[in-house]
Undergrad: 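I am attaching a structure below and will ask some questions about it afterwards.
For clarity, every value in this text was computed on a predicted model and none was experimentally measured.
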Amino acid sequence: MGDLMNEREDLTLTEVSRLAMAAQSVPRHPGPSSDGISERMSSARRRDTKPEIALRRELHARGLRYRVAYPVPGQRRRTIDIAFTRAKVAVMVDGCFWHGCPEHGTRPRSNSEWWRTKLAANAARDADTNRVLQALGWLVIRVWEHQPAESAADLVEAALQDRRAATCGGIKSAAVIPEVRPLRACQG
Ligand SMILES: [Zn+2]
């Protein structure tokens with residue numbers, strides 16, 4: 001499942017910081033265009049999208065309990081779509097357009113330079129969010145909005161099982177018991 005997680009992690013650090021700087025300096029969009037996408041411009045990560053609700057339902061039906069729009073620690077404006085706080089598993093449902101899905105991630109033709117910068121900034125922010133969460137011991141799972149809820153839920157469920165199986169000697173997490181640092185190796 002490694003290929004589904006953090007596939008944007010292969011951006012080099014330099015590239016990420018360059019893009020992060022670009023993210024700060026994305027100018028306002030020049031205005032709605034003929035691409036018919038103006039309604040999608042409001043926010044890159046919207047809450048309660050249909051695919052996200054479908055996945056939540058599926059997880060709930062499997063008896064899993066989670067938090068919705070859980071804040072990323074230390075990041076005022078970022079949230080985890082579906083968070084398993086005890087297992088520290090973060091699930092993000094990425095929109096195909098905003099997050100550049102290889103199958104459906106189109107690049108609008110008008111204002112193309114602005115969009116290129118904007119979408120690159122989104123990718124850089126995703127990578128940065130991954131890094132922040134991973135540094136705090138979270139496992140980040142990103143699924144595309146086009147992915148059927150059932151297969152996405154399979155991934156999440158498997159990850160949760162892995163995490164639980166990886167608790168060494170019944171001790172849940174090195175993050176909870178800081179003096180047991182070496183256990184981090186067991187967290188998968
Ligand atoms: Zn897609």
Side-chain angles (χ1 to χ4, degrees), residues 1-56 66-83 88-136 138-149 151-152 155-156 159:
M1 134 182 18
D3 55 327
L4 275 154
M5 294 182 293
N6 316 323
E7 55 188 45
R8 296 181 196 104
E9 281 299 291
D10 54 9
L11 287 169
T12 65
L13 206 58
T14 326
E15 192 176 3
V16 166
S17 52
R18 188 177 63 74
L19 291 169
M21 287 181 65
Q24 316 251 325
S25 59
V26 177
R28 288 179 64 83
H29 185 269
S33 67
S34 55
D35 288 305
I37 43 169
S38 50
E39 78 278 7
R40 285 189 286 178
M41 282 167 38
S42 53
S43 167
R45 180 163 288 289
R46 289 178 301 172
R47 288 188 57 180
D48 301 330
T49 60
K50 244 191 230 174
E52 193 185 321
I53 290 168
L55 176 55
R56 272 159 32 191
Y66 45 79
R67 306 281 294 274
V68 172
Y70 187 78
V72 174
Q75 304 286 320
R76 273 195 320 149
R77 302 183 58 190
R78 300 185 198 181
T79 55
I80 300 166
D81 293 337
I82 303 171
K88 284 195 165 184
V89 171
V91 182
M92 305 291 203
V93 183
D94 287 344
C96 292
F97 173 78
W98 286 106
H99 298 265
C101 159
E103 287 171 51
H104 315 103
T106 55
R107 292 290 163 94
R109 253 171 292 165
S110 19
N111 306 314
S112 62
E113 178 58 22
W114 184 88
W115 280 109
R116 198 195 60 75
T117 312
K118 175 71 180 161
L119 296 176
N122 286 351
R125 191 183 46 198
D126 289 346
D128 184 61
T129 300
N130 290 350
R131 218 180 326 278
V132 167
L133 286 169
Q134 282 160 358
L136 295 169
W138 286 73
L139 175 70
V140 184
I141 300 175
R142 289 186 176 272
V143 297
W144 292 113
E145 68 177 348
H146 70 249
Q147 197 164 343
S151 73
L155 272 178
V156 174

Undergrad: Holding to side chain to side chain contact (heavy atoms under 4.5 Å, CB included), I want the full list of residues that pass it with R67, two or more places apart in sequence or in another chain.
TA: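 Result, side chain to side chain contact (heavy atoms under 4.5 Å, CB included) vs R67: Y70, A83, T85.
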Undergrad: Side chains of N111 and K118: closer than 4.5 Å at any heavy-atom pair?
TA: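 When only atoms from C-beta onward are counted, K118 and N111 do not touch, as no gap falls below 4.5 Å.
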Undergrad: Work out which heavy atom in A149 is nearest to a heavy atom in L55; give both atom names and the distance.
TA: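 That closest heavy-atom pairing would be O-CD1, 3.7 Å.
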Undergrad: Using atom types as modelled and distance alone, determine if a side-chain donor or acceptor of D94 lies under 3.5 Å from a backbone N or O of R142.
TA: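 Checked: no pair found.
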Undergrad: Any side-chain heavy-atom pair from E145 and H99 closer than 4.5 angstrom?
TA: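 Contact flag for E145/H99 side chains = no.
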Undergrad: Could you list the residues that satisfy side chain to side chain contact (heavy atoms under 4.5 Å, CB included) with H146, not counting sequence neighbours?
TA: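 Counting only residues at least two positions away or on another chain, H146 forms a side chain to side chain contact (heavy atoms under 4.5 Å, CB included) with C96, C101, E103, H104, W144.
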Undergrad: Once rounded to the nearest 0.5 Å, what's the spacing between atom CH2 of W138 and atom OG1 of T129?
TA: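 Nearest 0.5 Å value for the CH2-OG1 distance: 13.0 Å.
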Undergrad: Would you say D48 and R56 make side-chain contact, with heavy atoms under 4.5 Å?
TA: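 Yes, side chains in contact.
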Undergrad: Please name all residues satisfying salt bridge (Lys or Arg N to Asp or Glu O under 4.0 Å) with E113, sequence neighbours left out, ordered by chain then number.
TA: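 Expected list: R116.
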Undergrad: Distance check, rounded to the nearest 0.5 Å: D128 atom CG versus Q75 atom CD?
TA: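 D128 CG to Q75 CD: 6.0 Å, rounded to 0.5 Å.
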Undergrad: Would you say that I80 contacts M92 through its side chain, given a criterion of any heavy-atom pair below 4.5 Å between the two side chains?
TA: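 They are in contact (side-chain heavy atoms under 4.5 Å apart), so the answer is yes.
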Undergrad: Ignoring hydrogens, what is the shortest heavy-atom contact between V72 and L133? Give both atom names and the distance.
TA: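 In this case the closest contact between V72 and L133 is CG1-CD2, 4.1 Å.
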Undergrad: Taking all non-hydrogen atoms of both residues into account, name the closest pair between P73 and V132 and its distance.
TA: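 P73 and V132 have their closest heavy atoms at O-CG1, 4.1 Å.
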Undergrad: With a 4.5 Å cut-off on side-chain heavy atoms, are V91 and Y66 touching?
TA: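 Sidechains of V91 and Y66: no contact.
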Undergrad: Could you tell me the separation between the CD1 atom of I82 and the CD1 atom of I141, rounded to the nearest 0.5 Å?
TA: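 I82 atom CD1 to I141 atom CD1 measures 10.0 Å (nearest 0.5 Å).
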